[in-house]
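These notes concern the structure reproduced below.
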There are 2 protein chains.
Amino acid sequence: MKARRDVFQAIADPTRRAILGLLAQQSLPINMVAENFQISQPAISKHMRILTECGLVAITQKGRERLCEAQLNQLNEVTSWVEQSKKLWNHRFEKLDNYLIELQTKNQNDGTK
Amino acid sequence: MKARRDVFQAIADPTRRAILGLLAQQSLPINMVAENFQISQPAISKHMRILTECGLVAITQKGRERLCEAQLNQLNEVTSWVEQSKKLWNHRFEKLDNYLIELQTKNQNDGTK
DNA sequence: GCTATGTATAACCGTTTGGTTATGCAAATA
DNA sequence: TATTTGCATAACCAAACGGTTATACATAGC
């Protein structure tokens, strides 16, 4: 349970994705989140800490309860990375692929040897 | 380095995201990928194994080289999870939020007590 | 055939992860 | 005031992670 969290790591765990799925539909106090899983309350608290550390969940104290609210705009970091990568990927034939050309040249040399 | 990988876990590691960024632009043999990082060749091989296990990279033997090719359509799993979650999230006010209503009712009772 | 190259694999290691139980504490309730 | 409820936190644990070095091995080049 260390310091700087990032969103990619946060959503790597299936339980945390499920928690986000729940909170996406309605804000809930931690104990009501915990009811939806078989793991212990401290385990849920730990997941929640990770989710809050990277801004995916915001918590507001409500009496003795702590209301958890999803902040899914933080997923934009993921979306934009995927989009950016796919953009490059789709254009990969348009740019000269130096390595492949070099490889092909080598093969041609081999052929004429 | 165990069995069933999933895409979310694969992209959780910054080095693997960087590798995908590289391969998105051009297919490369493993050693040329390794040149772009300070970590050892076995470390790169391990990352590559994880990436291939979840289908994000395909490898084809080319003589003694192994050409790595990005398969970024596998990122659709991520994209669709994000989209699905955000959809629920954006509609969270439209559906009745049972917990919050219950909470509010309780508060009203408290007020009139 | 010998050497160099590209890569996989094994063995190992410290750190992180995801879980547990036990405990403490503040707010709500009786 | 005493008890219950809703959490956080500490201490602990096994397993997974991300890295290392050493080694093996097939292909390429001389």
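Here the structure is a predicted model, which is why all the values come from computation and not from measurement. Quick note: numbers below take in every heavy atom, side chains included, and nothing from hydrogens, waters or symmetry partners. Here is the naming used below: chain letters follow the sequence lines, and residue numbers restart at 1 for every chain.
Residues satisfying the side chain to side chain contact (heavy atoms under 4.5 Å, CB included) criterion with B:Gln84, sequence neighbours excluded, are B:Leu88. Not counting sequence neighbours, the partners of B:Trp81 by the ring pair (Phe, Tyr, Trp, His ring centres under 6.0 Å) test are B:Phe8. Every residue meeting the side chain to side chain donor-acceptor pair (under 3.5 Å) condition with B:Gln41, not counting sequence neighbours, appears here in chain and number order: B:Ser45. Residues passing the side chain to side chain contact (heavy atoms under 4.5 Å, CB included) test with A:Asn36 are A:Leu22, sequence neighbours excluded. Contacts of B:Gln38 classified as side chain to side chain donor-acceptor pair (under 3.5 Å), with partners at least two apart in sequence or in another chain: none. In this structure, the side chain to side chain contact (heavy atoms under 4.5 Å, CB included) partners of A:Ala18, at least two apart in sequence or on a different chain, are A:Phe37. For B:Glu83, the side chain to side chain contact (heavy atoms under 4.5 Å, CB included) partners two or more places apart in sequence, or in a different chain, are B:Thr79.
The distance from atom CD of A:Gln38 to atom C1' of C:dG18 is 14 Å, rounded to the nearest whole Å. Separating the CD1 atom of A:Ile44 from the C1' atom of D:dT9 is a distance of 16 Å, rounded to the nearest angstrom. Here C:dT16 presents its P atom at 14 Å from CG of A:Asp6, a figure rounded to the nearest Å. For the pair B:Gln61 CD and D:dA26 P, the interatomic distance rounds to 12 Å; values are reported in whole Å. One interatomic measurement links the two molecules: CZ of B:Arg49 to C1' of D:dA16, which rounds to 15 Å at whole-angstrom precision. Atom NE2 in B:His47 sits roughly 14 Å away from atom P in C:dA8 (whole-Å rounding). Protein atom CD1 of B:Ile50 is 14 Å distant from nucleotide atom P of C:dT9, rounded to whole Å.
Using a 4.0 Å cut-off, no side-chain N or O of A:Ser40 falls inside it from OP1 or OP2 of C:dG19.
Side-chain contact check for A:Gln61 and A:Arg66: at least one donor-acceptor pair (N or O, by modelled atom type) lies under 3.5 Å.
Comparing D:dG18, C:dG18, D:dG19 against the side chain of B:Ala43 picks out D:dG19 as the nearest.
Toward the 5' end of DNA chain C, the nearer of the two residues A:Gly63 and A:Ile39, judged by each one's closest nucleotide, is A:Ile39. Each of A:Asp13 and B:Met48 has a nearest nucleotide on DNA chain C; the 5'-most of these lies closest to B:Met48.
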Considering only nitrogen or oxygen atoms on both sides, find all protein atoms under 3.5 Å from nucleotides 10-15 of chain D and state each distance.
none

ask   = Which nucleotides of nucleotides 1-7 of chain D have their base under 4.0 Å from a protein heavy atom (B), which only their sugar-phosphate (S), and which neither (-), written as one string 5' to 3'?
value = ---BBSB
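Note that the CD1 atom of A:Ile30 and the CG atom of A:Leu67 stand 10.0 Å from one another [nearest 0.5 Å].
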